[in-house]
Amino acid sequence: MPRPKRAMRGLPPFQPMPDGTQLERNTSAGLFTAPNLITFGRLCAVPLAFWLVVEGHLALAFYLFVLAGISDAVDGWLARRYGGNSIGALLDPVADKALLVTMYVTLAVVRVLPDWLATLVVFRDLLIVGGVIVLGILGQPVTIRPLYISKLNTLLQIVLVAAALFLAGFSFTAPVLVTSLIWIVAASTLLSGAAYVWVVSHDR
């Protein structure tokens with residue numbers, strides 16, 4: 001899952017996000033900071049990416065996906081260098097996850113990726129976020145920090161989407177590569193979801 005980016009020194013953090021991202025106190029940073037604007041732009045790219053895939057412009061969708069990845073690295077560097085705030089820390093994981101989940105669902109709709117894999121990816125995220133919400137409602141708040149298997153899973157998911165968009169968009173074929181990535185992503189997604197369930201259940 002997306003790594004924490006808005007780290008500030010000497011100030012207590014807010015309650016972590018379900019993925020472990022810390023919302024930092026930075027009253028001096030305004031809403032319209034460069035990191036926030038870049039993150040907001042990445043969030044706005046989600047419907048455009050959806051439309052490009054549905055309309056069959058997979059090459060353009062690949063470029064947009066790569067650009068989103070570059071912007072993610074840039075706004076993270078800016079936030080660390082100049083400081084971020086709680087708004088940016090909230091938007092960043094939302095933008096990352098929204099784009100990734102949208103790509104899996106959309107690529108499944110156009111038959112580039114299997115629908116069962118998209119279902120698995122979505123269910124894993126719903127399980128984690130839903131579990132945190134339910135426990136909070138029951139008065140048992142839980143703090144979940146990113147696990148190594150979760151970070152690996154996110155990286156593998158990104159690699160698969162990029163590979164699928166590139167191959168389909170430029171009319172290349174690599175069935176062995178794609179099939180291998182599909183099963184690796186499926187396995188890491190299952191392991192990641194199970195790991196979070198294990199950690200939460202043993203913290204009760």
Side-chain angles (χ1 to χ4, degrees), residues 1-5 16-22 42-43 45-47 49-50 52-54 58 61-62 64-66 68-69 72-73 76 90-136 142-169 173-204:
M1 305 182 76
R3 62 185 180 279
K5 292 179 181 178
M17 293 290 289
D19 68 349
T21 302
Q22 296 285 344
R42 190 163 65 256
L43 185 61
V46 174
F50 172 85
L52 288 174
V53 173
V54 169
L58 297 181
F62 169 75
L64 181 62
F65 190 74
V66 171
D72 190 24
L90 175 64
L91 283 179
D92 186 72
V94 170
D96 292 341
K97 185 57 65 176
L99 179 60
L100 199 54
V101 170
T102 297
M103 286 293 94
Y104 272 91
V105 173
T106 312
L107 288 173
V109 169
V110 298
R111 303 298 181 184
V112 172
L113 291 177
D115 51 6
W116 62 264
L117 181 61
T119 302
L120 183 61
V121 169
V122 173
F123 176 75
R124 180 259 188 190
D125 290 336
L126 289 178
L127 177 66
I128 295 173
V129 176
V132 171
I133 293 175
V134 170
L135 288 173
V142 58
T143 298
I144 298 182
R145 292 179 174 81
L147 306 175
Y148 288 114
I149 182 60
S150 178
K151 295 177 181 179
L152 177 61
N153 175 237
T154 298
L155 176 61
L156 291 171
Q157 287 183 2
I158 292 172
V159 170
L160 176 55
V161 169
L165 288 172
F166 177 79
L167 293 171
T173 57
V176 175
L177 173 63
V178 174
T179 300
S180 299
L181 284 173
I182 286 173
W183 287 107
I184 291 173
V185 168
S188 66
T189 301
L190 285 172
L191 288 173
S192 177
Y196 275 114
V197 172
W198 174 271
V199 169
V200 172
S201 63
H202 282 72
D203 282 345
R204 296 298 90 209

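Side chains included, hydrogens not; waters and symmetry mates left out as well; all remaining heavy atoms used. One is the number of the first residue; the rest follow in order along the sequence.
- Formation of a donor-acceptor pair under 3.5 Å by the S188 side chain with backbone atoms of V185 is found in this model.
- Expressed to the nearest 0.5 Å, how far CG of L152 lies from CD of Q157 amounts to 10.0 Å.
- Proximity of V101 to V105: side-chain heavy atoms (C-beta onward) are separated by under 4.5 Å at one or more points.
- Between F62 and V53 the shortest side-chain heavy-atom distance does not fall below 4.5 Å.
- Closest non-hydrogen pair, A118 versus Y104, comes out as CB-O, 3.5 Å.
- In the model, S150 has a side-chain atom that pairs as donor or acceptor with a side-chain atom of R124 under 3.5 Å.
- Pairing each heavy atom of A68 with each of R42, the nearest pair is O-CD, 3.4 Å.
- M103 places none of its side-chain heavy atoms less than 4.5 Å from the side chain of L113.
- Taking 4.5 Å as the limit, every side-chain heavy atom of L191 sits out of range of all side-chain heavy atoms of N153.
- Considering only heavy atoms from C-beta on, V112 stays 4.5 Å or farther from T106 through its side chain.
- W198 places none of its side-chain heavy atoms less than 4.5 Å from the side chain of L147.
- When all heavy atoms of A108 and D115 are compared, the closest pair comes out as CB-CA, 3.8 Å.
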- Step-by-step side chain to side chain contact (heavy atoms under 4.5 Å, CB included) determination, L156 to L160: CA-CA 6 Å; L156 291 171; L160 176 55; over 6 Å; no
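- Taking both residues in full, the closest heavy atoms of A95 and L43 are given as CA-CD1, 3.8 Å, listed atom of the first, atom of the second, then distance.
- Atoms CD1 and CZ, from I128 and F123 in turn, are 10.5 Å apart once rounded to the nearest 0.5 Å.
- No more than 12 heavy atoms of other residues, nucleotides or ligands sit less than 6.0 Å from atom CH2 of W183.
- The distance from atom CG of L167 to atom CG of L177, rounded to the nearest 0.5 Å, is 6.5 Å.
- Scanning both residues, L107 and A164, for their nearest heavy atoms gives CD1-CB, 4.4 Å.
- Rounding to the nearest 0.5 Å gives a distance of 9.5 Å between CG of L64 and CG of L165.
- Annotation for L120 and A186: closest pair CD2-O, 3.7 Å, computed over non-hydrogen atoms.
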